[in-house]
Amino acid sequence: MADIIQLLPDHVANQIAAGEVVQRPASVVKELLENAIDAESTLIKLIVKDAGKTLIQVIDDGKGMSVTDARLSFERHATSKIRSAEDLFSLHTKGFRGEALASIAAIAHVELKTKQEQDELGTQIEIEGSEVKSQEVVVTPKGTSISVKHLFFNIPARRNFLKSNNVELRHIIDEFHRVALAHPDIAFVMVHNGSESFNLPKSNYRQRVVNIFGGKTNEKLVPVEEETEVLKISGFVGKPEFARKTKNEQFFFVNNRFIKSAYLNHAISSAFEGLMKDGSYPSYFLNLIVDPKTIDINIHPTKTEIKFDDEHTLYAILRSSVKHSLGQFNIAPVLDFDRDKNLDTPYHYEGKRSSNPTIEVNRSFNPFQQEKSQSKSGGFSTSYKKEPAAQWESLYVGLESKGTQTHQEFSEVQFESEPENQSLFNENATIESSQRTYQLHNKYIISTIKSGMLIIDQHRAHQRVLYEGLLKHTTIKEAVSQQLLFPLELQFSSSEMELLKQLKEDLEHTGFVFSKFEDNRIEITGVPVNVPESEVSIILEQLISDVEQEVPDSNFSATDLLAKSLSKSLAIKAGQALTNMEQEHLVNSLFACKEPSVSPTNRTTFITMSVDDFDKKFM
Ligand code: ADP
Ligand code: MG
């Protein structure tokens with residue numbers, strides 16, 4: 001039989017390789033940014049159109065390429081970064097496979113312009129699907145500019161597989177963040193559809209984090225520094241109380257390369273143990289420097305996974321240095337009284353006789369020992385709780401005196417920091433006459449109906465009520481807002497601002513009034529009637545995180561998402577005691593809804609048990 005094995009032509013091999021290297025526009029962004037860094041640039045500009053589907057361009061002021069190198073750079077396995085296999089063990093560059101440019105050129109229209117410092121003129125090359133269309137001498141500044149258009153033009157399946165612009169842009173921004181965080185000494189600019197999304201000057205690490213994630217990030221960073229024989233750690237972790245609902249602010253860099261490691265992530269989570277609420281994640285921005293000989297970054301084509309020789313030691317060092325930093329920080333608030341607003345005397349405290357204040361510092365307090373009875377800031381006995389009632393209070397603004405009164409009592413009790421304040425509250429409830437509802441474990445509302453019994457999940461029910469109300473406001477566009485005494489200024493990162501811009505109009509329809517909406521700041525002068533001022537920033541943060549997590553499809557509705565997110569944030573929680581009036585009001589409002597039986601996220605809001613059901617049980 002004749003021989004049947006053939007060598008694949010280069011352009012086919014390149015296309016196959018491209019499948020591994022280029023999954024989406026963000027992969028191109030990553031490769032081009034990394035090449036610019038390897039070229040020792042000091043300023044790197046990323047220009048993107050339509051989330052990279054139309055254009056991705058990276059312009060740098062690095063060392064550029066000679067005519068020959070410019071042409072060679074598009075060949076597979078063409079790299080200036082390693083010469084022998086040994087070099088693999090002492091890598092100091094991002095790239096080394098010599099695959100990226102060849103792969104990208106196989107599946108897009110690429111234009112390269114490059115010039116080295118000492119040369120008069122530069123080189124321009126155009127390639128479409130691995131085919132060189134032109135090569136010319138051009139006038140161009142020192143450095144390199146590569147533009148990539150019509151990505152996946154010759155692989156329609158891939159092109160169709162791309163997600164919405166929102167999703168693709170988010171991936172691009174993620175890559176941009178990772179690269180920019182790893183290199184604060186390089187200035188970065190990102191422009192999307194003609195407007196500047198990021199402008200990051202050369203700076204120190206803290207400033208870089210703040211420039212990316214917004215001014216409010218500054219106060220939440222706790223430095224982590226550690227140097228041992230095998231490992232150097234530097235960077236920041238977020239204070240536990242600023243923990244986020246998403247993992248968007250978790251960054252590990254090993255030798256300035258972003259990596260993902262569930263194992264090391266676990267080391268950090270365990271250092272935060274006992275300090276975090278369930279469902280929230282610590283922020284961290286950590287750089288690990290290790291001997292390149294002790295790691296293997298070659299195991300994954302996109303190089304975000306890594307193998308360490310001695311993971312266990314790294315784990316232990318990382319965990320203990322994060323713990324140490326958190327421990328140091330936990331002592332700080334004791335000395336820094338100015339910061340705690342909750343220590344201000346409340347007005348309704350006036351009538352009380354004062355007693356000598358005592359502050360006991362528990363010197364042996366260990367923040368990492370989980371102590372259920374103590375609040376998070378534990379360690380000294382005057383820790384006041386935030387008023388959980390505040391939010392609930394204003395939800396029933398429409399309701400008259402009785403309910404509100406109870407709440408004042410409630411917050412007062414709260415203020416004396418008695419953990420067992422619920423008994424008082426329930427006593428109150430039982431005094432009320434003609435009781436038709438009953439609250440079980442501060443979680444379910446039980447009411448009798450003709451056929452038997454109705455059991456309502458208070459949190460879900462309230463979510464449904466708020467959700468329909470919000471939808472109504474946003475669609476008929478006549479929300480009621482309450483004017484704030486002083487405008488509230490909030491800071492957001494550029495990517496958060498992008499999202500907020502898209503939601504601005506809908507937010508206004510729910511009752512938000514914005515007086516400024518620019519750069520990284522928004523100023524709020526009015527909020528929906530049922531939104532307490534103190535909750536605004538939490539609500540917006542929750543909203544951003546909900547939008548970030550949503551993978552928008554074609555029938556994605558910003559209004560709906562907003563209503564869902566706000567109703568989730570604002571709804572009374574399980575554990576919240578309700579007066580009888582509040583219980584009844586909730587039951588009535590629920591059954592006035594269009595779809596009372598499910599929450600906005602399709603969970604059951606109530607169940608019924610008939611007398612028959614009971615009869616059967618007693619047989
Ligand atoms: P790798 O980065 O793995 O070497 P690439 O395909 O990404 O492979 O790039 C091939 C070569 O092209 C690089 O080794 C480098 O010499 C050159 N090159 C690519 N981008 C740039 C740039 N922005 N500035 C200077 N040289 C570059
Ligand atoms: Mg490269």
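Start at 1 and go down the list; that is how both ligands and their atoms are numbered. Counting from 1, the numbers follow the sequence of the chain as shown. These figures come from a predicted structure and were not determined experimentally.
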Output yes when the distance from some N or O of ligand 1 to some N or O of Leu101 is under 3.5 Å, and no in every other case.
yes

Answer yes or no: is there an ion pair linking Glu311 with Lys307, defined by an N-O contact shorter than 4.0 Å?
no

Looking at ligand 1, does any of its N/O atoms fall within less than 3.5 Å of an N/O of Ile146?
no

For Glu99, the ligand 1 atoms with a heavy-atom partner under 4.0 Å come out as 6 (O), 8 (O)

At the 4.0 Å heavy-atom cut-off, does Lys63 count as touching ligand 1?
no

Hey, does Glu31 sit under 4.0 Å from ligand 1 if you only count heavy atoms?
no

Considering non-hydrogen atoms only, spot the tightest contact between Ile107 and Asn154 and give its length.
CA-OD1, 3.5 Å

Can Glu219 and Lys216 be counted as an ion pair, charged N to O under 4.0 angstrom?
no

I'd like to check which ligand 1 atoms, numbered from 1 as shown, lie under 4.0 Å from a non-hydrogen atom of Ser73.
10 (C), 12 (O)

Filtering Asn35, Thr114, Ile44 for the heavy atom nearest atom 5 (P) of ligand 1 leaves Asn35

Using 2.8 Å as a strict upper limit, say whether an N, O or S atom of Asn35 approaches the Mg ion (ligand 2) that closely.
yes

Crowding at CZ, Phe161 (>12 non-hydrogen neighbours, <6.0 Å):
no

Among side-chain atoms of Glu523 and Ser515, is any donor-acceptor pair under 3.5 angstrom?
yes

Record the part of Asp60 in heavy-atom contact with ligand 1 below 4.0 Å; permitted values are side chain, backbone, both and neither.
side chain

Indicate the ring-plane relationship of Phe517 and Phe514, choosing parallel, tilted or perpendicular according to the 30° and 60° boundaries.
perpendicular

